[in-house]
Amino acid sequence: MPNPHHMTAAGFETRAIHAGQAPDPRTGAVGSPIYATSTYKQDGVGGLREGYEYSRTANPTRTALEECLASLEGGHSGFAFASGMAAEDTLLRAVCGPGDHVVIPDDAYGGTFRLFARVLERWGLAYSVASITDPRSVEAAVQPGRTKVVWVETPTNPLLGIADIAALAEVARRAGALLVVDNTFASPYLQQPIGLGADVIVHSTTKYCGGHSDVVGGALVVSAEAANADGDGESLAARLAFHQNSMGAVAGPFDSWLVLRGLKTLAVRMDRHCDNAERVVEFLTGHPAVSEVIFPGLPEHPGHEVAKRQMTRFGGMVSFRLRDGEKAAVEVCERARVFTLGESLGGVESLIEHPGRMTHASVAGSALEVPVDLVRLSVGIETVSDLLADLEQALG
Ligand SMILES: *Cc1c(COP(=O)(O)O)cnc(C)c1O
């Protein structure tokens with residue numbers, strides 16, 4: 001729901017705790033109420049209270065989350081969905097049609113690639129894969145007049161490639177396309193793409209925003225510039241609200257509340273995720289079983305300079321390769337105890353996975369295939385010495 005009152009003057013942590021969440025006017029309740037209701041009493045026919053009519057269209061708990069997310073991303077308006085994929089699908093069907101074209105990263109989230117390659121392509125949406133760590137590769141893939149969206153993930157998953165958001169915003173603008181940034185890995189605490197020229201932010205709130213591995217959700221945030229400027233005379237914010245309601249893949253009130261609660265501690269969680277990830281990187285870098293550590297905070301990482309410019313810190317995701325190949329990588333994943341073997345990321349608990357056989361199994365054989373000796377860590381906020389000891393024993 002568009003709302004201009006995002007407390008933009010307040011600091012990030014203050015907004016994370018308060019934006020969209022004024023104490024309940026009736027009771028003074030400080031915790032945001034969970035409005036478990038599908039419908040709303042009307043004061044006379046059409047007499048809606050604060051516009052609430054039916055909970056697919058709007059629900060106060062979801063509104064609170066949408067306002068908080070918009071505030072944290074420095075955007076005009078937010079939209080909360082049942083999952084990250086639902087947010088992506090709604091956005092793409094709102095801004096693209098048959099015959100249109102999008103540019104997607106060669107290291108995109110597997111589910112994002114599958115949405116383009118296996119679902120939307122059948123509906124006439126063409127896509128090109130580009131290396132988004134190289135703005136010239138994106139520029140070469142763009143088809144001016146036909147490309148509606150340049151899709152960016154940074155850091156990417158699982159290879160932690162870094163895209164230069166400001167440079168790609170220029171490429172997209174020249175082509176008349178929207179720059180969409182999937183900010184799931186960095187979270188708004190570490191990276192603010194709208195300030196760098198992005199038009200739309202995508203989140204899987206399942207990850208760092210929710211932060212406790214207890215909810216699946218997604219979100220879109222639109223920049224003020226993109227929200228109000230749309231070639232067809234209808235604002236992008238209004239168009240997204242229309243599609244959110246028409247397609248109906250909304251976040252329910254309980255799920256909205258879980259993400260809202262997660263956001264309150266985003267800043268302190270991210271700081272600890274970053275602290276622990278840096279220690280894990282230091283440990284892995286010296287280990288004889290490891291052939292390569294992939295982390296944007298390392299000076300030898302090809303995206304390090306750009307990451308330093310556009311992120312406040314380098315995040316909690318770490319990938320590494322095993323000298324002894326695929327079998328060794330799988331064994332490390334299976335031997336870990338404090339690191340839980342599982343997909344997903346961004347929760348307080350540390351997770352370990354083998355992308356080639358797990359999260360990225362669906363992109364095997366495509367341009368998005370990942371090395372078979374790769375292991376991905378989502379470094380949690382447990383006691384760091386326990387994490388290091390676990391890796392030590394898992395690496396044998
Ligand atoms: C998980 C994820 C998604 C998809 O979100 P869901 O909530 O699982 O639907 C999209 N992008 C990235 C970067 C992700 O990690």
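Counting starts at 1 for both ligands and their atoms, in listed order.
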Should you measure from each heavy atom of E88, which atoms of ligand 1 turn up under 4.0 Å away?
10 (C), 11 (N)

Report whether Y208 and V280 are members of the same hydrophobic cluster (ILVMFWY, side-chain heavy atoms less than 4.5 Å apart, transitive linking).
no

What atoms in ligand 1 come closer than 4.0 Å to a heavy atom of E153?
13 (C)

What is the nearest protein non-hydrogen atom to atom 6 (P) of ligand 1, stated with its residue, atom name and distance?
G84 N, 3.3 Å

Contact check: T206 vs ligand 1, nitrogen or oxygen atoms, below 3.5 angstrom
yes

Kindly assign one of parallel, tilted or perpendicular to the pair W151 and F116, based on the angle between their ring planes and the thresholds 30° and 60°.
perpendicular

Using a strict 4.0 Å cut-off to heavy atoms of G217, name the atoms of ligand 1 that fall inside it.
7 (O)

Exactly one candidate in H273, H304, H301 meets ring pair (Phe, Tyr, Trp, His ring centres under 6.0 Å) with F314; the answer is H304

Are any of the N/O atoms in M85 less than 3.5 Å from those in ligand 1?
yes

Do F185 and N157 have side-chain heavy atoms sitting under 4.5 Å apart?
yes

Is atom CZ of R335 surrounded by more than 12 heavy atoms (other residues, nucleotides or ligands) closer than 6.0 Å?
yes

Do K207's NZ or CZ and the ring of Y109 fall within the cation-pi criteria of under 6.0 Å and 45°?
yes

Count I, L, V, M, F, W, Y as connected when their side-chain heavy atoms are under 4.5 Å apart, and connections chain through other members. Are V129 and V180 then in the same cluster?
yes

For atom 13 (C) of ligand 1, the closest protein heavy atom turns out to be D182 OD2, 3.3 Å

The protein heavy atom nearest to atom 1 (C) of ligand 1 is K207 NZ, 1.5 Å

Look at atom 5 (O) of ligand 1 and find which of S344, G110, A219, S204 reaches it with the closest heavy atom.
S204

Could R146 and D100 be called an ion pair, given the rule that one side-chain N must be under 4.0 Å from one carboxylate O?
no

Measure the distance from atom 3 (C) of ligand 1 to every protein heavy atom, then report the residue, atom name and distance (to 0.1 Å) of the closest one.
Y109 CE2, 3.4 Å

Close approach, H203 and ligand 1, non-hydrogen under 4.0 angstrom:
no

